[in-house]
Amino acid sequence: MENIKAVKTAVVGCGAISGIYLTNLKHMLSIIAVVAVCDLRRESAEAAAQKYGIEKVMSLEEILEDPQIELVVNLTGPSAHYSIVKQCLLAGKHVYTEKMLCYDLEQGRELLKIADEKKLYLGAAPDTFLGAGLQTARKVIDSGLIGQVTSAVGCINRNYVRSSESAPFLCGIGGGLPYDMGIYYTTALLSLLGPVSRVAGFGVRPQGCTGMDPSSGRMGEQWGFKSYNTAAKEMAFHAAELMLGVEQCEKDGRIYEMTSSFTRPLPLKSGFMNTTFEGKVRLDAEGALVQ
């Protein structure tokens, strides 16, 4: 990777999740050069810049107007995803956004259209399907070792009422079990088994914060992997439609017919970590780099 010019990148959103992103972007991805951070709370951006040795603290407007910045990593809260991603795409920036890509299908389709028209990369979390466990599962499935897979089960349990006390966004757009955590399992299964044609589901709404209704109140090297956007917008949109389709089933009691599809991302080659990342990086329990 010696001849690859590092992509000048700005990180928008310096909340809790930004720590692991900035650690990895700064120390594990040689193709990325983080040149600026941005947050509505300027003091948060200044603290991140100082901690991670980033040169500039910029406003979103300054990032959009800077022709040197090619990629924006959007780590804002879910309710801001559509607006910020759209502005960045219209400004000619590639975008990688935290989960989910969208909480409104028409807005999601608009983002995909803009990215296609401007020939820009648009990727979205979760990219945990690039991890060793799921990549190993992919190899097992693709090799035919266990035969044709006909079903899969994902289980998760979270107390979102208690969690929302420290993270209020969990009660708003993109919060709650389906969208904040369920998207990991959905994306994992899509990456392993491919697109879905029909969705059926139901939900139980206990009293308290559930975040079910989107209208109510580690970054992989996809940018440098042979010009292929692995955690790509098409799969991210399909995953979002699947989750929203389940909610629609709950509302009207009918099977939801999916409108989107995608091509399964290529699996990572064996030894990808060893050949892509430079040296061995050790992190402490809080995700900070161990010198």
Side-chain angles (χ1 to χ4, degrees), residues 16-17 20 78 98-103 124-214 216 218-220 230-231 235-258 260-262 264-265 267-268 285 287:
I17 196 63
I20 189 61
E98 249 297 332
K99 63 182 197 297
M100 293 169 35
L101 174 65
C102 63
Y103 302 91
D127 60 7
T128 45
F129 69 90
L130 294 172
L134 287 169
Q135 287 296 307
T136 300
R138 171 72 180 270
K139 187 174 182 65
V140 168
I141 292 172
D142 288 355
S143 69
L145 181 64
I146 60 174
Q148 181 181 2
V149 177
T150 59
S151 63
V153 176
C155 299
I156 186 172
N157 188 8
R158 287 288 190 278
N159 186 337
Y160 272 84
V161 175
R162 176 163 295 180
S163 298
S164 66
E165 294 174 1
S166 58
F169 81 88
L170 292 174
C171 283
I173 295 175
L177 198 63
Y179 306 113
D180 183 56
M181 291 301 299
I183 192 67
Y184 288 99
Y185 297 78
T186 299
T187 302
L189 291 173
L190 291 176
S191 75
L192 295 175
L193 304 176
V196 171
S197 59
R198 309 176 80 199
V199 176
F202 64 91
V204 177
R205 296 173 183 258
Q207 291 187 358
C209 170
T210 64
M212 274 290 292
D213 187 351
S216 67
R218 294 174 316 231
M219 188 175 179
T230 312
M235 186 168 74
F237 179 83
H238 192 77
E241 184 180 15
L242 192 158
M243 300 304 297
L244 292 166
V246 170
E247 183 176 357
Q248 190 62 43
C249 290
E250 181 205 356
K251 291 178 178 178
D252 58 27
R254 293 183 295 177
I255 290 176
Y256 177 85
E257 302 285 345
M258 296 284 286
S260 65
S261 187
F262 69 97
R264 274 201 310 165
L268 301 183

Q: To the nearest 0.5 angstrom, please state how far the CZ atom of F129 sits from the CG atom of L268.
A: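 Here the rounded value is 8.0 Å.
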Q: Could you state the interatomic distance from CD1 (I183) to CG (L242), rounded to the nearest 0.5 Å?
A: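 CG of L242 is found 8.0 Å from CD1 of I183.
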Q: Out of L192, L189, T187, which residue meets the side-chain contact (heavy atoms from CB on, under 4.5 Å) rule with L134?
A: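 Between L134 and the candidates, side-chain contact (heavy atoms from CB on, under 4.5 Å) is satisfied uniquely by L192.
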Q: Please give me the minimum heavy-atom distance between C249 and A200, naming the atom from each residue.
A: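 Nearest heavy atoms, C249 then A200: SG-CA, 3.6 Å.
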Q: Give the minimum heavy-atom separation between V196 and L190, together with the two atoms involved.
A: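 It is CG2-CD2, 3.8 Å.
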Q: Minimum heavy-atom separation for M235 and P265, please, with both atom names.
A: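 For M235 and P265, the tightest heavy-atom pair comes out as SD-CD, 3.8 Å.
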Q: Please name the pair of heavy atoms, one in M243 and one in T186, separated by the smallest distance, quoted to 0.1 Å.
A: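 Heavy atoms of M243 and T186 come nearest at SD-OG1, 2.9 Å.
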Q: Give a yes or no on whether the backbone of S260 and the side-chain of E241 come within a donor-acceptor separation of less than 3.5 Å.
A: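 Yes, because the side chain of E241 sits within donor-acceptor range (under 3.5 Å) of the backbone of S260.
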Q: Given side chains that start at C-beta, do those of Y179 and P78 come closer than 4.5 Å, heavy atoms only?
A: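 No. Closest side-chain heavy atoms not under 4.5 Å.
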Q: Indicate yes or no: at least one non-hydrogen side-chain atom of T230 is less than 4.5 angstrom from one of D127.
A: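 Not touching, per the 4.5 Å side-chain cut-off.
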Q: For A124, does its backbone N or O pair with a side-chain atom of E98 as donor and acceptor, under 3.5 Å?
A: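 Flag not set: sc E98 to bb A124 has no pair under 3.5 Å.
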Q: For the atom pair CD1 (I141) and CD (Q148), what is the distance rounded to the nearest 0.5 Å?
A: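 So the CD1 of I141 and the CD of Q148 are separated by 11.5 Å.
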Q: Considering all heavy atoms of both residues, which atom of D180 and which atom of K99 are nearest to each other, and what is their separation?
A: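 Of all heavy-atom pairs spanning D180 and K99, the closest is O-CE, 2.5 Å.
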Q: Find the distance between CD1 (I255) and CD (Q248) and round it off to the nearest 0.5 Å.
A: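 Answer rounded to 0.5 Å: 13.5 Å.
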Q: Look up atom CZ in R264 and atom OG in S191, then write down how far apart they are to the nearest 0.5 Å.
A: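 Taking CZ in R264 and OG in S191, the distance rounds to 8.0 Å.
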Q: Nearest 0.5 angstrom please: M100 CE to Y184 OH, how far?
A: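 Nearest 0.5 Å value for the CE-OH distance: 12.0 Å.
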Q: For a quick test of reading the model, state the closest non-hydrogen atom pair linking G194 to F262 and the distance between them.
A: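 Scanning both residues completely, I find the closest heavy atoms to be C-CZ, 3.7 Å.
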